[in-house]
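Below is one structure, written out as structure tokens; the observations come after it.
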Number of protein chains: 2
Amino acid sequence: MAPNSATRTLGGRPSPAAEDYLKTIFALGSSGDAASVSTIATRLGVSRPSASVMLKRLADEGLVERVDRHRHLLTSKGRSDALRVVRRHRLIEAFLAATLDMPWDEVHAEAELLEHAVSDRLEARIDAALGHPTHDPHGDPIPPRQGDHDEAWHEPLDAAPPGATFRVERVSDRDSAALRHLAALGITVGSTLVVGEREPFGGPLWVRVGRRRRALGPGLSRLVHGAVQEGQR
Amino acid sequence: MAPNSATRTLGGRPSPAAEDYLKTIFALGSSGDAASVSTIATRLGVSRPSASVMLKRLADEGLVERVDRHRHLLTSKGRSDALRVVRRHRLIEAFLAATLDMPWDEVHAEAELLEHAVSDRLEARIDAALGHPTHDPHGDPIPPRQGDHDEAWHEPLDAAPPGATFRVERVSDRDSAALRHLAALGITVGSTLVVGEREPFGGPLWVRVGRRRRALGPGLSRLVHGAVQEGQR
DNA sequence: CAACAAAGTTAGTCAACTCTAACTCAGTTT
DNA sequence: AAACTGAGTTAGAGTTGACTAACTTTGTTG
């Protein structure tokens, strides 16, 4: 209840709204999608004019560069601000999972709410308490406090050849129902699957999890990323 | 990054600013101070006109009642909203102390930032994980999710008779430097002190903590509340 | 090439909060 | 009683971020 506690502790950060834009542009960049006004607006659930105006503001502030009418890139300042938000987000996810046994389909939404309110000091304490974790519960890499960061994705399960042994390294956190479903099938980060046949026409992909056969709809198998085990290629 | 995640999850709550006003009025009510426009403005670090306007709005919304020009009371709806914020705040403090060993002088500021961003679901998980705690690290009682709540303070150390054995039950969280100082003296919630003589003219109060004698300045001894042990009165 | 659709922008509003400056009103002082 | 003082309010304006409606611009397609 101290006066201005919010401003004091969190000073120097972009506004929550701006942080959301930066984070979204970063995510689009990592996944190779075009960061156009429209895709950004859609991802954030705002109107196109709102996104247009905000992007202009971010460009004026030197956080975003308009490459052409349909592509926005983060400047190095913008990227580092985005990485700070992403780092906070993923540390919070790891923290909630570790301390509250919160399931992986819930942590994302909570982190979405908390990421703008966690101070640098709290972030540092969480990081230390967890022993400087490198990945969140979905296998997303946690950017370091300083220095650069590699967001590279593994191969999608989608693309693994039949018969391969596939180790799950990372699962998209965007769809919490999908995460719940995967958990129910016994598929999580670190699971090892044996890839079976894919049925034609967008049918399910069959995989073996332990000694059970499971069907993964086409939407699901695209969310699961990992690596084909050695000598299996 | 889901659209409108904030609105969806936190829907139905007063705005963060409104929650701060309600919380402040509640705190002033508990401590017996007059909840005038000026005191509320001062506590929140806003100008008097801002507080005046906001209080009018809260009154229009049925959360606050203007008793007279210098007294604002919470309505029952306002009180229950305030209790929800206070509950969140204190649960967060307890959670941070328990999971991160965060010292008692830091948890308040962090909770101040987080209390508006913690969802009902997360609140419930924290409450359960801590085994439904009844008090935060400063000894402040955590209001129940439903039903009423007693904010009553114990006796200030200030008022304990010389020679009494005094058990610390609660320490004001407002002054974090004071909390650090008390911790350094070995005084925390649950400590037992033996009250010594008070020096005249606002001088320090001497207390025995374990086998050490400690001086508490007049500001400090007023922050420490507790109970004189049986048969000592 | 003309027409249409998709994407982006501009203009005008709105809502929630904040501020300062200037006022009113009530209760002292002198 | 006049004047001062403190508290509260009103008025006007700024900020941030969103919206809709109505453009323009661009690119595709008949």
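Close to C:dG8, at under 4.0 Å from its OP1 or OP2, lies no side-chain N or O of A:S52. Checking the phosphate oxygens (OP1, OP2) of D:dG8, a side-chain nitrogen or oxygen of B:S38 falls inside 4.0 Å. Put simply, A:Y21 has a side-chain N or O that comes within less than 4.0 Å of OP1 or OP2 on D:dA18. The side chain of B:R66 places an N or O atom within less than 4.0 Å of a non-bridging phosphate oxygen (OP1 or OP2) of D:dT9. Dashed line: the shortest gap from a side-chain N or O of B:S36 to OP1 or OP2 of D:dA7 is not under 4.0 Å. Between B:H70 and the phosphate of D:dG8, there is a side-chain N or O to OP1/OP2 separation shorter than 4.0 Å.
You'll find that the side chain of A:M54 is closest to D:dA18, out of D:dA18, C:dA11, D:dT9. Picking from C:dT9, C:dT20, D:dC19 the nucleotide with the shortest atom distance to the side chain of A:S50 gives D:dC19. When the nucleotides C:dG8, D:dG8, D:dA11 are ranked by their closest atom to the side chain of B:R69, D:dG8 comes out on top. Closest to the side chain of B:R48, out of C:dC19, D:dG8, C:dT18, is D:dG8.
Between A:F26 and A:H149, the two ring planes are tilted [angle within 30° to 60°].
Using a 4.5 Å heavy-atom threshold, the side chains of B:D136 and B:F95 count as separate.
Per the geometry, NZ belonging to B:K56 stands 17 Å off P belonging to C:dT18, to the nearest Å. Atom CD in A:E61 sits about 13 Å away from atom P in D:dT15, given to the nearest Å. Per the geometry, NE2 belonging to B:H72 stands 8 Å off P belonging to D:dG8, to the nearest Å. In this structure, B:D68 places its CG atom 14 Å from P of D:dA7, rounding to the nearest Å. With rounding to whole Å, A:E19 atom CD is found 15 Å from D:dT16 atom P. Summarising the geometry, the separation between NE2 on A:H116 and C1' on D:dT16 is reported as 15 Å, rounded to the nearest angstrom. Rounding to whole angstrom units, CG of residue B:L44 and C1' of C:dC19 are separated by 15 Å. As a whole-Å value, the separation of A:I40 CD1 from C:dT9 P is 10 Å.
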Show the numbers, then the answer: is there a salt bridge (Lys or Arg N to Asp or Glu O under 4.0 Å) between A:K77 and A:D81?
CA-CA 6 Å; A:K77 175 75 170 84; A:D81 281 353; 3.1 Å; yes
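Taking the nucleotide of DNA chain D with the nearest heavy atom to each of B:V53 and A:S47, the more 5' of the two is matched to B:V53.
Rounded to the nearest 0.5 angstrom, A:E151 CD and A:L83 CG are separated by 8.0 Å.
Among B:E19, B:E112, B:E115, the one residue that satisfies the salt bridge (charged side-chain N to carboxylate O under 4.0 Å, His left out) test with B:R88 is B:E19.
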